[in-house]
Amino acid sequence: MHENLVIVESPAKAKTISDFLGKDFIVKSSFGHIRDLAKDDFGIDLKNNYTPKYIIPQDKKNIVNELKSVASDVKLIWLATDEDREGEAIAWHLAEVLSLSPEKTRRIVFHEITHDAIDHAIQNPRSIDQNLVNAQQARRILDRIVGFELSPVLWRKVKPALSAGRVQSVAVRLLVEREREINNFKATSSYRIIGHFNTAKEEKNHPLQAEYNGRPVSREEVLGLLEKCKNAEYVINELTTKPSKKSPAPPFTTSTLQQEASRKLGFSVSQTMSVAQRLYEAGKITYMRTDSVNLSNTALAAAKKVIETEFGNEYSKTRNFKTKTKGAQEAHEAIRPTFINNRSIAGNRQEQRLYELIWKRTVASQMSEAIIEKTTIDIGVSTLEESFLATGEVIKFEGFLKIYLESTDDEDEEQTRDLLPPLKKGDKLEMEKIIATQKYSQSPPRYTEASLVKKLEELGIGRPSTYAPTISTIQNRGYVIKEDRQGKTRNLTVFTLADNNIKETEKTEITGAEKTKLFPTDIGMLVTDFLVDNFANILDYNFTASVEKEFDKIAEGKLEWTGMIDRFYPSFHSQVVETTRSKSKPTGMRNLGNDPVSGKPVYVKLGPFGPMVQIGEASETEKPKFASLLKNQSMETITLEDALGLFSLPRPLGQFEGQEIIAGIGKFGPYIRHQNKFYSLRKGNDNPFTLGLDDAIALITEKRDQDKKKVIKEFPGDKELQILNGRWGPYIQYKKENFRIPKNVKPEDLTREQCIEIVEKAKEKKRKSG
DNA sequence: CAGTGAGCGAGCTTCCGCTTGACTT
């Protein structure tokens, strides 16, 4: 029999520490929270001092029963969950559910998984901190109240199955406000002027590029300026050299890992988390849901040793980073390799790349600063007041840059960072050419998943364990869509001065193109406006920060949790009641102008089936004309012209095989119809207004080919059984249900009997698990 | 499955934070 039971949150952690504890200890995991508020009703007794009604969710019943039975067999139970608010609550729920008596129960915490740390924890047990538990209960109950009272308002006023909450609604608001900033942004242009100079006198010529220290706006100004440059003299006014330093970024937290994996490896936020989870379970990295930048002493020592042997002593500099994030709870270390001396690992490509990124970031954080010398050369022009500036950077000692440089979100302009030629004050330069290129100012950038996480973290909203799920939720609810958008081309004017001649040329550039960015949808914008209008306090960017302060007071024992909730709930609830009673459904209706044919007004609004435009008003005598918006159109930006275009469908394209092809838009998006068959338009060429006859015919023949390939095998005696080719390869369809084919089987060789056997086996398995 | 723009009124949807699998047509 075991003497002791230790309970932690995660099975991987359980496995690791059981190796340290020996045979007197059995270590089990709770798999996170084991109880939650009941879901079928509100889960809180509002009339009885907010008493929570906790239940054990179905998927936790097995583990709870197992823990109960083990707990009854041991002398002492050690609750070793995380030291933060949620961890304390898990410990308390365990004590409650397993009916643990205080005499039999010890609460312990440790911050790193080493023999010493665990020993020390065992020597210094405490009891459950009820204040911390109460802070968690307040947090949980506040979130339930906000979420379960706001969401139904949206069901009634906007659409069923929508949701709102302290975290997700603010995340959407950030996207909506940024989108409007971008829509309202008016680009201005000015000219960037680059001079190309030659330094040659005798032997070797070093070309030198320098930027004019001014940005003229009009073509007249540029031409005047270039005119003055024609016969000017160019002399070096000044040459300054300044030393500077660059320091490494701290080790990874969840949020910074998501950002860098997105920028450097192109991973989505959830992809990063699932790859990290696999690395964690394999014992390759420390825990991946953390807000701490702290490294354990063991890790610091290991990093120092690796750096000194691989790069030399001068590259090593031990640092302790401090967390700056609002509301950080720091129950874990930063994300780092478990064994820092392993520079790479076995695993699939994704695992290797993510591991390598973590390794580099961790090790770089313990390396010396880079020492850089920045040189600026100021080139005077005899006919102008402003001068040309050339900047150069020389790395004198690369330090941490040897392995890692943090990337940034701005796709900023290319900078000249070359080695500068050896020059001195008073040197004369020969002007070879001067190029003035029109440059447009940039709108603020759209958010990526990772940059939205960064922003949420800055605002202290959400936790490492919820960033990825939150990003998924707002997409699943239809508030946000992640996609690419094509840009538009625009013209640029370029003036080149060379050989005393000014030449004007036109260039084009693409602007506004986006790759996997987050865009708010019409519903997302409408819901955000509705919530901001009626629940400004909840949608406030500081709401979380201010309730967190109160949770902290509860945790310190200076505030009573039910009192805190009671100061919030009554007024919030009356806001909900009042909004439900008095506010009409928001439609986002906007007048776009008048229809030139009928003279009637044209509106865009959110209809019962999504965004739509209408011509005329509904009345007893007349029915307005309606049309749905296309997927890539938005209520906020659609023009009268585009709106009127929507009424030109369905549109005949021409004849094919003796019958007309018609283009239109249906329930499932844009389509063409031919011989009573429908074909959905394909991405990239999905505009039914401009689609040509040739494209339509190509689509029809392609689809016919594909349909031929779709059926791999049919069985003459059994019409309900087919082997088909699908998105994930071949599968069996039997009586409208789909079944996988085992990997080692060739689908085309299967007999009817074998198929039925596969079907039966799959059904049997389903019965057992369900 | 490929056009509807309303309101028969049953019963459903939803939050945040802690965890890990099962499984996709």
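Note that the structure is predicted; figures quoted are calculated from it, not measured. Each chain gets a letter, A, B and so on, in the order the sequences are listed, and its residues count up from 1.
Across all strands, A:G610 comes closer than 4.0 Å to base atoms (heavy-atom distances). Among the protein residues, A:G32 comes within range of the nucleic acid bases, having at least one heavy atom under 4.0 Å from a base atom. Among the atoms of the strands shown, only primed sugar atoms or phosphate atoms (P, OP1, OP2) are found under 4.0 Å from some heavy atom of A:A164. Residue A:K585 is in base contact, counting any heavy-atom pair closer than 4.0 Å across all strands shown. A:T473 comes within 4.0 angstrom of the backbone, heavy atoms only, and of no base. Contacts of A:S10 with the nucleic acid, taken as non-hydrogen atoms under 4.0 Å apart, involve only primed sugar atoms and P, OP1 or OP2. The residue A:G462 sits close only to the backbone: its heavy atoms come under 4.0 Å of sugar-phosphate atoms, none of a base.
The side chain of A:R463 places no N or O atom within less than 4.0 Å of a non-bridging phosphate oxygen (OP1 or OP2) of B:dC15. Side-chain N/O atoms of A:R477 include one lying less than 4.0 angstrom from OP1 or OP2 on B:dC15. Checking the phosphate oxygens (OP1, OP2) of B:dG5, no side-chain nitrogen or oxygen of A:Q614 falls inside 4.0 Å. Side-chain nitrogen and oxygen atoms of A:Q168 include at least one within less than 4.0 Å of the OP1 or OP2 phosphate oxygen of B:dC16. OP1 or OP2 of B:dC18 lies within a sub-4.0 Å distance of a side-chain N or O belonging to A:S465. Checking the phosphate oxygens (OP1, OP2) of B:dA2, no side-chain nitrogen or oxygen of A:Y679 falls inside 4.0 Å. The shortest distance between the side-chain N/O atoms of A:S163 and the OP1/OP2 oxygens of B:dC15 is below 4.0 Å. In this structure, A:K623 reaches the B:dG5 phosphate: one of its side-chain N or O atoms is under 4.0 Å from OP1 or OP2.
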Taking Watson-Crick and G-U wobble pairs with both distances under 3.5 Å, convert DNA chain B into its dot-bracket string, 5' to 3', dots for unpaired and | for cross-strand pairs.
-> .........................
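Side-chain contact annotation: A:E149 with A:H573, donor-acceptor N/O pair under 3.5 Å present. In summary, the side chains of A:H674 and A:E660 do not present any donor paired with an acceptor at a separation below 3.5 Å, with no hydrogens or angles considered.
When the nearest nucleotides of DNA chain B are assigned to A:V167 and A:M288 by heavy-atom distance, the more 5′-ward of the two goes with A:V167. DNA chain B is contacted by both A:S151 and A:R289; A:S151 maps to the nucleotide lying nearer its 5′ end (nearest heavy atom per residue).
With hydrogens and angles ignored, a donor-acceptor pair closer than 3.5 Å exists between the side chain of A:R140 and the base of B:dC15. Side-chain atoms of A:R139 and base atoms of B:dC16 include a donor and an acceptor less than 3.5 Å apart.
Between the NZ atom of A:K39 and the C1' atom of B:dC16 there is a distance of 12 Å, rounded to whole Å.
Here the CH2 atom belonging to A:W78 is positioned 6.0 Å from the CD1 atom belonging to A:I108, to the nearest 0.5 angstrom. Here the CD atom belonging to A:E86 is positioned 9.0 Å from the NE2 atom belonging to A:H93, to the nearest 0.5 angstrom.
A stacked arrangement is not assigned to A:F678 and the six-membered base ring of B:dC1, the conditions of a centre distance below 5.5 Å and an interplanar angle below 30° not being jointly met. B:dC15 has no base stacking with the ring of A:F148 when judged by centroids under 5.5 angstrom apart and an interplanar angle below 30°.
Ring pair A:F568/A:F543 is tilted by interplanar angle, where 30° to 60° counts as tilted.
Residues A:I128 and A:A95 share a closest heavy-atom pair of CD1-CB, 3.8 Å.
Between A:E281 and A:K15 there is no salt bridge, since no side-chain N of the basic residue sits under 4.0 Å from a carboxylate O of the acidic one.
Evaluation of the salt bridge (Lys or Arg N to Asp or Glu O under 4.0 Å) test over residues 157-169 of chain A, restricted to residues two or more places apart or in two chains, returns A:D143-A:R166.
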